[in-house]
2 protein chains.
Amino acid sequence: MSDHRERLKLAGYKLTKARLAVLQVIEHADGHVTSADVLDGVALVDPAVGRASVFRTLDLLTRLSIVRPTYIGTSATPYYVLLPGGHHHHIICTVCSRVIEFAECGLENIAILLEERLKVKLTGHLLEFYGQCADCQDKIAVNNED
Amino acid sequence: MSDHRERLKLAGYKLTKARLAVLQVIEHADGHVTSADVLDGVALVDPAVGRASVFRTLDLLTRLSIVRPTYIGTSATPYYVLLPGGHHHHIICTVCSRVIEFAECGLENIAILLEERLKVKLTGHLLEFYGQCADCQDKIAVNNED
DNA sequence: TTTAAATTGATACATAGTCTCATTCAGAGT
DNA sequence: ACTCTGAATGAGACTATGTATCAATTTAAA
């Protein structure tokens, strides 16, 4: 947890109140948070922190692969997911927008392969599957029965 | 290509001018397009198509896993990527926002495993790696030399 | 051709995110 | 502890992205 703070420091960024507040909010909200959620949370944790700084921090955390914005449902605003250990994996139901997380990915080998071949340095990844969850398949099946 | 049109039909959606225009624009713009790009493109292809329909169609294509919005760089607006064959894979440089695409993913096995275990029906996926491209690693190395 | 439901375009609107700039603050050096 | 400097901030006006409404049109099936 507090190693996120470590990462900021190591990368040469100051541990300001604004950044600490945003980190605290995101870490405590396990799962997927919108910028609005973060704004609300920060307003409680430290009301002195301004709007712009929240957005600036979300950008920064994204650049450091601590967090990753992703598009869920029809919402126009991104959801930010923590990338603990640099990665995250989930399934998004394209009907009801439910998010189902899962652990395994077995992508280490591909990562190493890509690093060698493309001379890139990889710090994280996100794997998203799209489809229909069990409930939504049932609904569709029922609808098609008439 | 025109099997996207097929997919719309099969899913019970009408092939309207607005939808055809959006599809045409996205298919011809190989790579990553913002909604602004699509709006501009559609204005050329069929000026009668309205703003709202473009957004509605982007939503629809997302729900059908024909396209997937993803956040690149600090841009607040998503880039839409085609998911040909239902999937897409790329590396995003967190420094310069360059996007490097790659082909392999070897995720079929995981997909099958997840479908069985979670009773979901998967129609597509997106795999994103984050890190620094070759050029940006060089720049950082140079900066640290003084 | 007729018809009904789906879809649309226009436009006004809401909201998310950005920019600017004077002020403050974190943290390194002493 | 004190000072100093550039990094970071907050306020708030501003821009632009996406949404809602609704009468009018269009698709496609009968």
Side-chain angles (χ1 to χ4, degrees), chain A residues 5-25 32-64 67 69-80 97 143 146, chain B residues 5-25 32-64 67 69-80 97 143 146:
Chain A
R5 260 136 276 197
E6 199 78 6
R7 297 248 305 275
L8 284 185
K9 266 223 120 128
L10 286 174
Y13 295 97
K14 295 181 178 175
L15 294 183
T16 65
K17 289 178 180 176
R19 287 171 181 162
L20 293 174
V22 171
L23 267 180
Q24 186 182 332
V25 169
H32 309 71
V33 247
T34 63
S35 56
D37 295 334
V38 178
L39 284 168
D40 291 351
V42 166
L44 295 177
V45 166
D46 185 345
V49 171
R51 203 180 156 54
S53 289
V54 171
F55 284 104
R56 283 188 279 238
T57 302
L58 288 173
D59 264 18
L60 178 59
L61 297 179
T62 300
R63 265 183 285 123
L64 294 177
V67 123
T70 180
Y71 191 99
I72 293 173
T74 105
S75 147
T77 61
Y79 282 73
Y80 290 85
S97 300
N143 284 343
D146 56 295
Chain B
R5 258 136 277 195
E6 199 78 4
R7 298 250 301 277
L8 283 185
K9 266 223 121 127
L10 285 175
Y13 295 98
K14 295 180 176 175
L15 294 183
T16 65
K17 288 179 180 177
R19 287 170 181 163
L20 293 174
V22 170
L23 267 181
Q24 184 181 335
V25 168
H32 309 71
V33 248
T34 63
S35 57
D37 295 334
V38 178
L39 284 168
D40 291 351
V42 166
L44 295 176
V45 166
D46 186 345
V49 171
R51 202 181 158 54
S53 289
V54 170
F55 284 104
R56 283 188 280 237
T57 302
L58 288 173
D59 264 17
L60 178 59
L61 297 180
T62 300
R63 265 182 286 124
L64 294 177
V67 123
T70 180
Y71 293 92
I72 294 175
T74 105
S75 148
T77 60
Y79 282 73
Y80 290 85
S97 299
N143 286 343
D146 54 296

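The sequence lines fix the lettering, A, B, ..., with proteins before strands; numbering per chain opens at 1.
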By side chain to side chain donor-acceptor pair (under 3.5 Å) - contacts of B:Thr70 (at least two apart): A:Arg68, B:Glu128
A:Leu39 CG to D:dA11 P, straight-line distance once rounded to whole Å: 13 Å
Partner set under side chain to side chain donor-acceptor pair (under 3.5 Å) for A:Thr62, not counting sequence neighbours: none
Contacts of B:Pro78 that satisfy side-chain contact (heavy atoms from CB on, under 4.5 Å) - sequence neighbours left out: A:Tyr71, B:Pro69, B:Tyr71, B:Tyr80
Residues which pass side-chain contact (heavy atoms from CB on, under 4.5 Å) with A:Arg56, listed by chain and number, not counting sequence neighbours: A:Ala52, A:Ser53
Residue whose closest nucleotide on DNA chain D lies nearer the 5' end, A:Arg51 versus B:Phe55: A:Arg51
Flag side-chain contact, heavy atom, 4.5 Å: A:Leu20 against A:Thr16: no
A:Leu8 vs A:Leu23 side-chain heavy atoms within contact, under 4.5 Å: yes
Cut-off 3.5 Å, no hydrogens considered: what does the side-chain donor-acceptor table look like for residues 34-50 of chain B, sequence neighbours left out?
unit_1, atom_1, unit_2, atom_2, d
B:Thr34, OG1, B:Ala36, N, 3.4
B:Thr34, OG1, B:Asp37, N, 3.1
B:Thr34, OG1, B:Asp37, OD2, 3.2
B:Asp37, OD2, B:Thr34, N, 3.0
B:Asp46, OD1, B:Ala48, N, 3.1

B:Leu15 vs B:Ala76, nearer the 5' end of DNA chain D by closest nucleotide: B:Ala76
Contact list for residues 32-61 of chain A, test ring-ring contact (aromatic ring centres under 6.0 Å, His included), sequence neighbours left out: A:His32-A:His88, A:His32-A:His90
Chain B footprint on DNA chain C, 5' to 3' - any atom under 4.0 Å from a heavy atom: C:dA5 to C:dT18
Terminal axes of the helix from C:dT1-D:dA30 to C:dT30-D:dA1 (five pairs each): angle between them, nearest 10 degrees: 60°
Partners passing side-chain contact (heavy atoms from CB on, under 4.5 Å) against B:Lys9 (at least two apart in sequence or in another chain): B:Leu15
Touch class at under 4.0 angstrom, heavy-atom based, for B:Pro47 against every strand present: nothing
Grab the N/O contacts between the protein and nucleotides 5-9 of chain D below 3.5 Å, and write none if there aren't any.
unit_1, atom_1, unit_2, atom_2, d
D:dG6, N2, A:Lys14, NZ, 2.7
D:dA8, OP1, A:Arg19, NH1, 3.1
D:dA8, OP1, A:Arg19, NH2, 3.4
D:dT9, OP1, A:Thr16, OG1, 2.8

Minimum side-chain heavy-atom gap A:Tyr79-A:Val33 below 4.5 Å: no
